[in-house]
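Input: a single structure, listed below in structure tokens.
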Amino acid sequence: MATEAATDETGELYEEFLSTVQRLSNVGYAQQVLNWDQEVMMPEEGTRARSQQLSALSAVGHELLTSEEMAGYLDDLEAADLDPEQEAVVREIRRKHERATRVPTELVQEISETTSEAHPKWKQAKAEDDFSIFAPTLEKLVELKKEYAEYIDPDKDPYAVLFEDYEPYLGLDTAEETLAQLREELVPLIEDIRESDVELATPFEGEFDDETQEELARDVLDTLGYDWDRGRLDTAPHPFSTGTQFDARVTTRFNPADPLGALTSTIHEFGHASYTLGLPDEHYGTPLGEARDLTVHESQSRLWENHVGRSEAFWERFLPAMKERFPQLEDATPRDVYEAANTVKEDNLIRVEADELTYHMHIVVRFEIERELISGDLDVEDVPEAWNDKYEEYLGIRPETDAEGCLQDIHWSHGSFGYFSTYSLGSVLAAQLYDAAEDDIDDLEAKVREGDFEELHAWLTDKVHRHGKRYTTDDLVREATGEDFTADYFVDYVESKYGALYDL
Ligand code: MG
């Protein structure tokens, strides 16, 4: 009897806790909708009101998360007898609660004000190709973020603490080993490709109008199985996706010279959205109904973009639809498009324009520079030279300006140190997951060729999406693939793919 009464009490307490958690999540989702609107719909002058609206919601969320009430729930529930799903919810909220309470409000405020100032400085520095305009603000952000890390965990490498804002469970060691492995294996591969005299096909000549490209983007989303009752497609200057399992939106952008760019980017965002849509409806507003952070999210976008969307099988399926929209492609073959989609751009300096292979060297450069900035081994003023030296060493190219060098990305102006590596970790995990899916699904390649994605969706939902944050990242990878997180599959995949393409 006593036990039953205790169980009832715990059940009640858990329900109260959960409804606070849901309120907190709903505040966050409302912020996301406002952010989407700001990127996609809002007139320019709306910014002034929008930033107040967002910061008001941010304050409400912070209060809910750090309240005495929340602290009490967490203490009581940690002492109670919970089932594994409930334990996971408590674990996730505890983690957020700790990170939010340890950092003083004044520091949070200062970081937020400094990033607001940093954005126009960065923009101006990039436009005028003058790093010195951005350098003082960057220096301040580095100091503030070090302070921030110190509050969260004074005994840990501050860069590890910052990294855990984006990927909480794989650990900085794993990121470091993974990126070192990529550097070791990919630098010589890129070198060999540079020396190869194979010329890949270039079927996309001339102009491809935006309107038709948009129709084609809708075709590709139809082909992949996007749920239009729970999603929509719009354009945005920097494509992104956002939302919940009931409303997961994607955006794209069009370049008249590069119809493939819009398609691969649309497929990428589709991958993110299909993860969000695969989260369980019944756990909406709780960690069990939320995606597992950036590494896993990026694994879903890159799996669809690279392993499906850049495969020859996919183009055997999709090229006829593209020819219908763009009759000038009449003579193109699936092989041509496959080659175009996988051409290594040896001279490209810009991360967001990089191919699937050299991309990771762009990440390695940023990761190494961030590490040294945060540890104090590199001064802000020396960033441009360090950047250029690393590009020369890893990619064999040297930026001539800072605008196309260390000023190209927005991330540092947001104070986001530790973010970049999750892009590579996501690609690596995509390869590991796709390999496991190929083991489980009978002739997956033939299914891609037929445009039959049902089993792949079902597999990803079963192995990844439906769990939400039930497992930590490392456990989720083991649950899904039977193995620890590893870059081996990715390395094998690029070696065999590019080896064949470039006749190495
Ligand atoms: Mg992405």
Side-chain angles (χ1 to χ4, degrees), residues 32 35-36 39-40 163 165-168 170 175 178-179 182 217 220-221 224 226 231-245 247-255 258 260-279 290-310 341 350-364 366-367 408-412 414 416-434 456-457 460 464-465 469 473 476-477 485 490:
Q32 286 182 23
N35 277 321
W36 174 87
E39 297 293 321
V40 175
F163 171 72
D165 268 349
Y166 308 107
E167 172 43 63
L170 277 183
T178 303
L179 290 171
L182 295 183
V220 90
L221 290 170
L224 297 175
Y226 187 49
R232 52 179 289 133
L233 172 72
D234 296 275
T235 54
H238 303 283
F240 68 103
S241 55
T242 188
T244 69
Q245 50 271 65
D247 173 1
R249 306 174 189 191
V250 297
T251 62
T252 192
R253 67 173 164 198
F254 306 109
N255 170 353
D258 178 24
L260 202 52
L263 281 174
T264 49
S265 156
T266 304
I267 298 172
H268 178 99
E269 298 309 331
F270 163 82
H272 281 303
S274 77
Y275 183 10
T276 308
L277 292 171
L279 296 165
E290 273 173 7
R292 179 77 285 165
D293 313 291
L294 295 187
T295 301
V296 181
H297 233 308
E298 198 67 9
S299 77
Q300 300 306 291
S301 57
R302 303 226 169 175
L303 184 146
W304 286 97
E305 178 191 351
N306 295 333
H307 296 269
V308 176
R310 292 184 200 278
I350 308 299
R351 178 184 60 88
V352 296
E353 289 165 15
D355 55 84
E356 192 186 347
L357 187 64
T358 56
Y359 186 89
H360 300 287
M361 294 305 104
H362 294 261
I363 298 303
V364 168
R366 286 151 179 79
F367 179 79
Q408 64 179 272
D409 296 306
I410 199 171
H411 300 58
W412 291 346
H414 292 152
S416 301
F417 304 106
Y419 190 119
F420 283 117
S421 51
T422 64
Y423 293 127
S424 285
L425 297 173
S427 288
V428 158
L429 180 55
Q432 188 176 354
L433 287 169
Y434 201 74
L456 181 56
H457 276 298
L460 290 167
V464 180
H465 306 172
K469 285 181 154 75
T473 316
L476 181 64
V477 173
F485 180 93
F490 177 80

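Each ligand, and each atom within it, is numbered from 1 in the order the structure gives. When reading the values below, keep in mind they use all heavy atoms of this one structure, side chains included, and skip hydrogens, waters and symmetry mates.
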Task: Geometric class of the Phe490/His360 ring pair [parallel <30°, tilted 30-60°, perpendicular >60°] - done: perpendicular

- [ ] Using 2.8 Å as a strict upper limit, say whether an N, O or S atom of His272 approaches the Mg ion (ligand 1) that closely.
- [x] yes

Open item on the list: Ignoring hydrogens, what is the shortest heavy-atom contact between Thr422 and Glu167? Give both atom names and the distance.
Closed with: CG2-CB, 4.0 Å

Open item on the list: Any N/O/S atom from Glu269 (main chain or side chain) under 2.8 Å of the Mg ion (ligand 1)?
Closed with: no

- [ ] If the plane angle is over 60° it's perpendicular, under 30° parallel, otherwise tilted; pick one for Tyr419 and Tyr166.
- [x] tilted

- [ ] Fit a plane to each ring of Phe417 and Trp412, take the angle between them on a 0 to 90° scale, and name the class: parallel (under 30°), tilted (30 to 60°) or perpendicular (over 60°).
- [x] tilted

Open item on the list: Among the N/O/S atoms of Glu298, which is closest to the Mg ion (ligand 1)? Give the atom name.
Closed with: OE1

